[in-house]
**Q** 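Just passing along the structure, written as structure tokens.
Chain letters run A, B, ... following the sequence lines, proteins first, then strands; residues in each count from 1.
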Number of protein chains: 2
Amino acid sequence: MNLKEFASRIGLSATTVSRAMSGYPEVRPETRARVLEAAEKLGYRPNISAQRLATGRAGAIGIVFQGGGRFGPHSSELMGGLSTRLQRDGIDILVSTVETEEEEMAAYRRLAASKRVDAVILHTPACKDKRITLLQALGLPFVVHGRSEAEKPFAFLDIDNFGAIAEATRHLAGLGHRRIALINGDTASTYARDREDGYRTALEEHGLTPDPALMSRGEFTDETGFRLTQGFLALSAPPTAVIAGSMMSALGAMRAIRIAGLSPGTDIAIVAHDDVFPYLSPDNLVPAVTTTQSPMRAAGERIGDMALRLLQGEPPEALQEVWPVELIVRDSTRPAPA
Amino acid sequence: MNLKEFASRIGLSATTVSRAMSGYPEVRPETRARVLEAAEKLGYRPNISAQRLATGRAGAIGIVFQGGGRFGPHSSELMGGLSTRLQRDGIDILVSTVETEEEEMAAYRRLAASKRVDAVILHTPACKDKRITLLQALGLPFVVHGRSEAEKPFAFLDIDNFGAIAEATRHLAGLGHRRIALINGDTASTYARDREDGYRTALEEHGLTPDPALMSRGEFTDETGFRLTQGFLALSAPPTAVIAGSMMSALGAMRAIRIAGLSPGTDIAIVAHDDVFPYLSPDNLVPAVTTTQSPMRAAGERIGDMALRLLQGEPPEALQEVWPVELIVRDSTRPAPA
DNA sequence: CTGAAAGCGCTTACAG
DNA sequence: CTGAAAGCGCTTACAG
């Protein structure tokens, strides 16, 4: 049933029905109530494509994931939060996956030109990010999960990666650890650069010199955590503590430590930075893992919120947040062996 | 730039341009080439909302997740595969999250009435599933990930849960295990019922009687795997083998075994059923875990494919697949202790 | 093979 | 507070 038919069935004009259903003020409350009730009863819903064509709004927000492979547990938490928030305003989420950065750029051009989305969510930005430049040039509104440098201000939500890793490093140094290894991500990404800066800063506060052999990079998988930790353990002066970039890296690190005949927590301390996963808790590992934790799901909800405000005309510079990260000390960080 | 403007710029009618861009046959190859080239150069893209209004197609496929909490690692794999496939045909994915089954039903009504999607993907069906009845009544095409009983045929892709767990159970029984525990999901769901059936069948083949104390149910989290396994170990006659419903359950089970002072693999054998996660491999656990594995991502791609065919008019009964599951024996299943 | 025109189902400026 | 009508940007049956 379309608007015209519905309107004539209840003896009103399409105009009035449309206004009543969109919550415009110029409709008498009784009329509005009658319209809404009838719509419910007769099962009328405005055709979304027609609505979008008429208003010029897409009613959807896009998010692009690069490499099916990177659509992992963090993506699902972010998506879950985003979806929860946008649902409330009837905004859809449009998911695209691409393989390369080129394809990602093409995807934004396509989304913008075909008016398929009103805004996009960008994640894991580089320190200088071409995608941000492109989106600003296209005039497609966007919110970044993370931070980046750009000429023009843009909306973003980031966590305090610097503070998180600095705090973790201080905690370990305070326990007497002198050789602290860091498993980081690609330092082209802002978050990884911030973490490295936090690590270096805290080491220097404690009079320790950063050792390149103890700073490695790779994907946040169990496999990579394992391999990098094996590398650390093979050093002539191996570390007594490892800061893992994610829970998955920490699992791999602990495995490498065990295989070397050592005991995680006792022989080699472990701190993991990670999200709060509903299905894998650091409290439940053996030993329980000290973490710098930040809930990705809550961030997703907030990012959804910010995107909606952006569309309502709030300026990007008013939509910038950095969330603190809490260090939660558990059993995997004990004093350094004598 | 809209169609009219673009068409006049290149000296053709809107009709011809539209046909050229949609790949209709009645356009001269040279004309088509010229149109496509000009569109690329001038950056013209049809407005997606207008296209949808004119054709009556939404150009999107919906998927609803119940409980933000259930949007976990399996969801992301499924989504990744789905997205990869649909991307190729320019079909969007619309993600909704809801809290209850009631809300999920309401979401389908809404999606159908507002013509927001052309089809939906339903997952984790119950043996008798109200959602399937609803979708059939609404006339909204759908593909089920899993199986269910219904009067009318519908499209589905399922894995052989019965065969997977039967095979795992046979493998353990063949190694001399007599007390084999099963960590299953909610048996209202078809997959969990099938797994239980496979388990019972294989036990009986080996002259073993299913023991209710060894059959438990719960979420597929590390925490639940831990708790249920602790329950098994507290029995007066504890099991010598555990079949875990997922990788996460297996992690929890292994932790419980270790905490009890036992050795996973040696004292208590472990088999896990699970997806192939790019970030957590059973080969990398200690001991390497025997699995019945099935790639969720590949299933997602195939389901996307099936949805597209459904929309092209293939009858649902021609779109039904059950994928075999392979048992991969690793180090966690050794002969039963004497 | 190409084009003029009606129609998809809404919203909203304008008029009352 | 309510309505008639134009317009959003496409597609496609019809005519040539």
Side-chain angles (χ1 to χ4, degrees), chain A residues 1-36 38-39 42-60 90-92 110-118 311, chain B residues 1-36 38-39 42-60 90-92 110-118 311:
Chain A
M1 179 165 40
N2 62 24
L3 174 60
K4 205 168 144 191
E5 187 186 340
F6 174 64
S8 82
R9 278 232 223 168
I10 61 172
L12 282 170
S13 74
T15 310
T16 302
V17 170
S18 170
R19 281 199 275 243
M21 297 206 49
S22 323
Y24 272 63
E26 339 69 323
V27 182
R28 258 202 327 200
E30 302 93 285
T31 313
R32 180 189 313 284
R34 196 175 121 218
V35 169
L36 291 178
L42 301 176
Y44 168 71
R45 298 266 186 181
N47 176 304
I48 210 82
S49 302
Q51 236 170 4
R52 288 174 182 176
L53 178 58
T55 60
R57 272 174 256 121
I91 303 292
D92 296 325
R110 183 172 52 80
L111 291 174
S114 62
K115 299 231 166 84
R116 209 176 277 245
V117 297
D118 297 316
L311 294 179
Chain B
M1 177 166 39
N2 63 23
L3 174 60
K4 205 168 145 191
E5 187 185 339
F6 173 64
S8 82
R9 277 230 224 168
I10 61 172
L12 282 171
S13 73
T15 312
T16 302
V17 170
S18 170
R19 282 199 276 244
M21 297 205 54
S22 323
Y24 272 64
E26 340 68 323
V27 182
R28 258 202 326 201
E30 302 92 286
T31 313
R32 180 187 316 283
R34 197 176 120 216
V35 170
L36 292 178
L42 302 177
Y44 168 70
R45 298 267 185 179
N47 177 304
I48 211 81
S49 302
Q51 235 171 6
R52 287 174 182 177
L53 177 58
T55 60
R57 272 174 258 122
I91 303 292
D92 296 325
R110 183 171 52 79
L111 291 174
S114 62
K115 298 228 166 89
R116 209 176 277 246
V117 297
D118 297 316
L311 293 179

**Q** Kindly compute the distance separating CZ (A:Arg52) from CZ (B:Arg116), expressed to the nearest 0.5 Å.
**A**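 Spacing of CZ (A:Arg52) from CZ (B:Arg116) equals 5.5 Å.
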**Q** Expressed in angstrom and rounded to an integer, what is the separation of B:Lys4 atom NZ from D:dC10 atom P?
**A** 11 Å
**Q** Determine whether more than 12 heavy atoms belonging to other residues, nucleotides or ligands lie under 6.0 Å from atom CZ of A:Arg32.
**A**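 Above 12, so yes.
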**Q** Quick check on DNA chain C: between B:Gly11 and B:Leu53, whose nearest nucleotide comes earlier from the 5' end?
**A** B:Gly11
**Q** Measure the distance from CD on A:Glu5 to C1' on C:dC10 and round it to the nearest whole Å.
**A**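 It is 15 Å, rounded to the nearest whole Å.
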**Q** Show your working on side chain to side chain contact (heavy atoms under 4.5 Å, CB included) between B:Asn47 and B:Asn2 and close with a plain yes or no.
**A** CA-CA 8 Å; B:Asn47 177 304; B:Asn2 63 23; over 6 Å; no
**Q** What is the nucleic acid contact for B:Ser18, judged by heavy atoms within less than 4.0 Å: base, sugar-phosphate only, or nothing?
**A**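 Base, at least one base heavy atom under 4.0 Å.
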**Q** Could you state the atom-to-atom distance from NZ of A:Lys115 to C1' of D:dG9 in whole Å?
**A** 9 Å
**Q** Side chain of A:Ser22 only, heavy atoms from C-beta on: which candidate in C:dT11, D:dG9, C:dC10 is closest?
**A**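 For the A:Ser22 side chain, the nearest candidate turns out to be C:dT11.
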**Q** If you take atom types as modelled and just measure distance, does the side chain of A:Arg19 reach the base of D:dG3 with a donor-acceptor pair under 3.5 Å?
**A** yes
**Q** Using a strict cut-off of less than 4.0 Å between a Lys/Arg side-chain nitrogen and an Asp/Glu carboxylate oxygen, indicate whether A:Glu30 and A:Arg34 qualify as a salt bridge.
**A**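 Answer for the salt bridge query: no.
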**Q** Round to the nearest Å and state the distance from A:Arg45 atom CZ to C:dG9 atom P.
**A**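 One finds 17 Å between P of C:dG9 and CZ of A:Arg45, rounded.
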**Q** Going through the distances and angles, do A:Tyr44 and A:Met21 end up as a side chain to side chain contact (heavy atoms under 4.5 Å, CB included)?
**A** CA-CA 10 Å; A:Tyr44 168 71; A:Met21 297 206 49; 3.6 Å; yes
**Q** A:Thr55 side chain N/O closer than 4.0 Å to the phosphate oxygens (OP1, OP2) of C:dC10?
**A**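 Indeed not, no polar side-chain atom of A:Thr55 lies that close.
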**Q** How is B:Thr31 classified with respect to the nucleic acid when contacts are heavy atoms under 4.0 Å: base, sugar-phosphate, or nothing?
**A**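 Contact class for B:Thr31: sugar-phosphate only.
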**Q** Between atom CG in A:Leu12 and atom P in D:dA4, what is the gap in whole Å?
**A**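 One finds 11 Å between P of D:dA4 and CG of A:Leu12, rounded.
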**Q** Between C:dC1, C:dC10, D:dC10, spot the one nearest the side chain of B:Ala50, thanks.
**A**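 Of all the options, the side chain of B:Ala50 is nearest to D:dC10.
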**Q** Between D:dA4 and A:Ser13, counting only base atoms on the nucleotide and side-chain atoms on the residue, is there a donor-acceptor pair under 3.5 Å?
**A** no
**Q** Which one, C:dG9, C:dT11, D:dC10, comes nearest to the side chain of A:Leu3?
**A**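 Per side-chain heavy atoms of A:Leu3, the pick is C:dT11.
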**Q** Just to be sure I understand the rule, does A:Thr15 reach a base, reach only the sugar-phosphate, or reach nothing, if contact means heavy atoms closer than 4.0 Å?
**A**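 Base: the residue A:Thr15, judged by heavy atoms under 4.0 Å, touches a nucleobase.
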**Q** Which nucleotide in the list D:dC10, D:dG3, D:dG7 gets nearest to the side chain of A:Ala54?
**A**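 The closest nucleotide is D:dG7.
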**Q** Between C:dG16 and C:dT12, how far apart are the C1' atoms? Round to whole Å, please.
**A** 16 Å
**Q** Roughly, in whole Å, what's the span from CE in B:Met21 to C1' in D:dT11?
**A** 13 Å
**Q** In whole angstrom, what separates A:Ile48's CD1 from C:dC8's C1'?
**A** 15 Å
**Q** Any side-chain N or O of B:Arg28 below 4.0 angstrom from OP1/OP2 of C:dT2?
**A** yes
**Q** Quick check on C:dG9: is either OP1 or OP2 less than 4.0 Å from any side-chain nitrogen or oxygen of A:Gln51?
**A**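 Negative; the distance criterion is not met.
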**Q** Determine: side-chain N/O of A:Asn47 to OP1/OP2 of C:dG9, distance under 4.0 Å, yes or no.
**A** no
**Q** Once you round it to whole Å, what is the distance between C1' of C:dT2 and CZ of B:Arg34?
**A** 12 Å
**Q** How far apart are the C-alpha atoms of A:Phe6 and A:Leu12, what are their side-chain angles, what is the distance that settles it, and do they pass the side chain to side chain contact (heavy atoms under 4.5 Å, CB included) test?
**A** CA-CA 9 Å; A:Phe6 174 64; A:Leu12 282 170; over 6 Å; no
**Q** Tell me what A:Tyr44 touches on the nucleic acid: a base, only sugar-phosphate, or nothing, going by heavy atoms under 4.0 Å.
**A**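 If one applies the 4.0 Å heavy-atom cut-off, A:Tyr44 turns out to touch the sugar-phosphate alone, with no base involved.
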**Q** If we call it a pair only when both distances are under 3.5 Å in a Watson-Crick or G-U wobble match, what pairs with C:dG3?
**A**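 The base-pairing partner of C:dG3, which may sit in any strand shown, is D:dC14.
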